Amino acid sequence: MIDMTPEDFLSHVRGNDQDFGNRPDGHDRSNAMPGSAYDQALDGLNEALAKARAGDHDTEEPEPRRPIQDLPVREPGAYKLDLPDLVDPNDPKLGWFKRQAAEMGLSNKTAQNILDRYLKGQGEEYERAKQDFNKQLSPEWGQNFDRNVRDCNRAITLTDQAISERFGSKLKGGFTRWVKSHPAVGSSPWFARLMLMISDNTR
């Protein structure tokens, strides 16, 4: 195969064109190729050469660069997720979610959307649990309902402090977050009665 640049090829054709008319037999270029076809071929080469020089190739437009939020994430620690205050960044469940998301190559944006939907569902579950809580305990506690709720929250705080004192400051606030992130437990009547008992025994 002859390796020629477009410039070399075009010069070669033009040179043959000039030499062709000076051959001893008196033949001109039209004997080998009709003039109109020859001119069209040269015009096409000229156009192709002009496009090559200008970088105007007939190629598809390159795909636009994807935002970084849409790029696949391969390492769990690379996720930058927006978390509500009640969600512990060190929660093992959150770590598990990041590992699964990275294994599937989910982008940060997709992982955030999934997490937001999950948290929205948790919020709706909390509202339902709260309504059931009020419905079941309002008749039982009567006028003491608000006071008992405050005492339950006090017991949760005391339990949290006891856990952190016993097992280390790293767990401080962990029990409170756990209760609030598990509405099926934190808003259940049996849990409220247990916390109220703790509160009454720690006065």
Side-chain angles (χ1 to χ4, degrees), residues 64-203:
R65 296 185 63 181
R66 297 166 64 185
I68 191 171
Q69 290 285 324
D70 292 339
L71 296 177
V73 176
R74 301 301 180 186
E75 295 295 332
Y79 283 107
K80 306 297 182 183
L81 302 175
D82 295 328
L83 304 175
D85 293 336
L86 294 178
V87 177
D88 183 0
N90 299 316
D91 190 324
K93 291 188 299 183
L94 182 61
W96 176 87
F97 170 72
K98 288 182 178 181
R99 289 193 298 273
Q100 297 300 313
E103 185 176 326
M104 292 185 287
L106 299 183
S107 67
N108 197 90
K109 182 178 180 180
T110 300
Q112 183 70 61
N113 288 339
I114 293 174
L115 180 63
D116 289 344
R117 292 186 181 187
Y118 169 77
L119 293 176
K120 180 181 179 181
Q122 287 288 92
E124 293 172 352
E125 181 183 353
Y126 171 77
E127 289 300 322
R128 289 192 297 270
K130 183 178 179 180
Q131 292 176 5
D132 292 340
F133 178 90
N134 294 339
K135 183 178 179 180
Q136 294 187 46
L137 291 181
S138 289
E140 179 180 332
W141 289 349
Q143 295 180 349
N144 295 327
F145 181 85
D146 291 340
R147 187 192 68 184
N148 288 351
V149 169
R150 289 195 296 271
D151 287 345
C152 287
N153 289 330
R154 173 177 175 272
I156 292 173
T157 301
L158 291 174
T159 303
D160 208 331
Q161 292 174 350
I163 292 174
S164 62
E165 290 173 1
R166 176 66 178 82
F167 299 102
S169 59
K170 289 184 178 181
L171 297 179
K172 185 176 182 180
F175 182 70
T176 300
R177 287 191 293 268
W178 181 85
V179 170
K180 292 183 178 180
S181 63
H182 293 77
V185 175
S187 298
S188 63
W190 67 265
F191 182 79
R193 295 187 186 102
L194 175 62
M195 292 297 102
L196 185 59
M197 185 184 302
I198 293 175
S199 179
D200 290 342
N201 291 329
T202 54
R203 292 186 184 282

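Keep in mind the model is a prediction, meaning the values are calculated, not measured.
By the 4.5 Å heavy-atom criterion applied to side chains, L106 and I114 are counted as neighbours. Contact of the L171 side chain with the R166 side chain is not registered, since no non-hydrogen atoms from C-beta on lie closer than 4.5 Å. Counting only heavy atoms from C-beta outward, the side chains of R150 and N153 never approach each other to under 4.5 Å. Considering only heavy atoms from C-beta on, I156 stays 4.5 Å or farther from I198 through its side chain. Side-chain contact between W178 and D91 is absent, with no heavy atoms from C-beta onward closer than 4.5 Å. D132 places none of its side-chain heavy atoms less than 4.5 Å from the side chain of S187.
Of the possible polar contacts, none joining the Y79 side chain to the S107 backbone as a donor-acceptor pair under 3.5 Å is found. Judged by distance alone, the side chain of D160 and the main-chain N or O of G173 form a donor-acceptor pair under 3.5 Å. In this structure a side-chain-to-backbone donor-acceptor pair under 3.5 Å is missing from R74 to A102. Looking only at distances, no side-chain donor or acceptor of S138 sits under 3.5 Å from a matching main-chain atom of K135. Listed for the S188 side chain is a donor-acceptor partner under 3.5 Å among the backbone atoms of V185.
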Checklist entry - Stepwise, does the side chain to side chain contact (heavy atoms under 4.5 Å, CB included) test hold for F167 with K172? => result CA-CA 9 Å; F167 299 102; K172 185 176 182 180; over 6 Å; no
Item to check | Evaluation steps, side chain to side chain contact (heavy atoms under 4.5 Å, CB included), between W141 and D146 | outcome: CA-CA 9 Å; W141 289 349; D146 291 340; over 6 Å; no
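The side chain to side chain contact (heavy atoms under 4.5 Å, CB included) with C152 is formed by just one residue from the set R147, M195, M197; it is M195.
Side-chain N/O atoms of Q112 and D116 include a donor and acceptor closer than 3.5 Å.
Smallest separation of non-hydrogen atoms from F133 and A192: CE1-CB, 3.3 Å.
In this structure, F175 and F191 have tilted ring planes: the angle between them lies in the 30° to 60° band.
Electrostatic pairing of R193 and E140 counts as a salt bridge here, judged by a charged N lying under 4.0 Å from a carboxylate O.
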